[in-house]
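The chains referred to below are lettered A, B, ... by the order of the sequence lines, with proteins before strands, and numbering in each begins at 1.
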Number of protein chains: 2
Amino acid sequence: MSVKERKERERAERERLIVATARELAEQQGWDAVTTRRLAERIEYSQPVLYSHFRGKREIIGAVALQGAAEMAVAVRAATAAAEGPRARVTALARGYLDFAERNPAVYDALFRLDGGLAYAREDTPEPLKDAFAALLECLGEVAGDGVHPGLFTEVFWASLHGIATLTRAGRLPPEEAERRVELLVDRLAVL
Amino acid sequence: MSVKERKERERAERERLIVATARELAEQQGWDAVTTRRLAERIEYSQPVLYSHFRGKREIIGAVALQGAAEMAVAVRAATAAAEGPRARVTALARGYLDFAERNPAVYDALFRLDGGLAYAREDTPEPLKDAFAALLECLGEVAGDGVHPGLFTEVFWASLHGIATLTRAGRLPPEEAERRVELLVDRLAVL
DNA sequence: ACCCGATCCTAGCACCGCTAGACAATCGAG
DNA sequence: CTCGATTGTCTAGCGGTGCTAGGATCGGGT
């Protein structure tokens, strides 16, 4: 039976390699450069091997997204944990979120811009996605204000951050005023 | 000389046809379905004709975006003009914006999600884009609040709307609470 | 009536995501 | 230890993509 186990280990290892390589390639040259041919070449296997692990390119994007969601949750919690008081926490969250988006553009795209075949905002949403939202909720819930549903408030705050992140990176917003935009958003949206 | 003029007219007419057809196709089946072959077939010319009008697919997207920007400016101004008082105006703007995004998803994508090769937020930004931003500014400038730069406020409000629009359409936000999200955003961001 | 330039199309390039079918390596039974 | 079956991987190819080179054809000016 140990042979089978070894093969399963090796197979799992190769799957990790595929996801890591896809992510690396996307981070280096953008998702357009992540083709099944290039990806196969980098992991030193032929194309069809990819399809024995994933249904297609979309699922590979989804796998990167899941990994990214877990990391984003960690990043957000780390940022907020280091801050004292509601206001500082929310500011830290906003900065942490935008920072993550800027430093991991490919992962951010996999999560929120591309189609990774994942279900969002539903019962069958994968756990890492739920947890990433929960990480936002933990901090933002306490500044939603009276009579405002914490979940709804978190959605709006998150959407605002997402808008800033995407428009900035697409060159639709000048990057110079980034910090002032964060301040304005926190000042106005959060009830302190 | 009249022959030359006629040819130029026909050429301009064909260019309009290309843009209109691309937009129609994108609105019907999404931008992925807008291939140069399908587009060429629909306008009843061969592929290379497209390249005598545009450098490539990207420029065609850009042309649709420019058209869409002009329409969005009109839509936003129409929505705000019908409202009395700052609060009603801002609410109308938010609803009008999201409504435009929902009813013209392909145009919205061309404007803010895809790469149409256009310059944003710069001196050489095409006039329709500047004017669309101006349309937002006209209404939002009056609720920016003291000491807050109207342009910066408009950017943040716009980014928030953009975030809601994109996340909702990508299935990242449940569509049911759309109206309550708008109310929350207006209540908090605008200084009334 | 003829030539010549503008205009348009056919055919093709290199690449894409994805898959069928041939081949080799490995395992279990006799 | 050998032999068939199973598993795993690869080569080759399908239909599609954006884009372009080069030849045919059409129409205006002389």
- prompt: Do other residues, nucleotides or ligands put more than 12 heavy atoms under 6.0 Å from the CG atom of A:Asp124?
  reply: yes
query: Does B:Arg172 make a cation-pi contact with A:Phe112 (under 6.0 Å, within 45 degrees of the axis)?
result: no
Length of the line joining A:Gln29:CD and C:dC16:P, which is rounded to integer Å: 11 Å
message: Regarding A:Asp115 and A:Lys57, does a basic nitrogen lie under 4.0 Å from an acidic carboxylate oxygen?
response: no
message: At 4.0 Å (heavy atoms only), tell me whether B:Ser46 reaches a base, stays on the sugar-phosphate, or touches nothing.
response: base
- request: Using whole Å, report how far CG of A:Leu50 lies from P of C:dC16.
  value: 13 Å
- prompt: Do the side-chain N or O atoms of B:Thr36 get closer than 4.0 angstrom to the phosphate oxygens (OP1, OP2) of D:dC19?
  reply: no
- request: Would you kindly give the CD-to-C1' distance between A:Gln47 and C:dC16, to the nearest whole Å?
  value: 9 Å
message: Less than 3.5 Å apart, any donor N or O on the side chain of B:His162 or B:Tyr108 sitting next to an acceptor on the other?
response: yes
message: Whole angstroms only, please: what is the CZ-P distance between A:Arg37 and C:dC18?
response: 11 Å
- request: Would you mind reading off the distance between B:His53 atom NE2 and C:dA6 atom C1', rounded to a whole angstrom?
  value: 13 Å
task: Scan A:Arg58 against the nucleic acid and name what it touches under 4.0 Å (heavy atoms): base, sugar-phosphate only, or nothing.
output: nothing
- request: Calculate the interatomic distance between A:Lys57 atom NZ and C:dC18 atom P; express it in whole Å.
  value: 8 Å
message: Whole angstroms only, please: what is the CZ-P distance between A:Arg14 and D:dG8?
response: 9 Å
task: Select base, sugar-phosphate, or nothing to describe what A:Arg55 touches, counting heavy atoms under 4.0 Å on all strands.
output: nothing
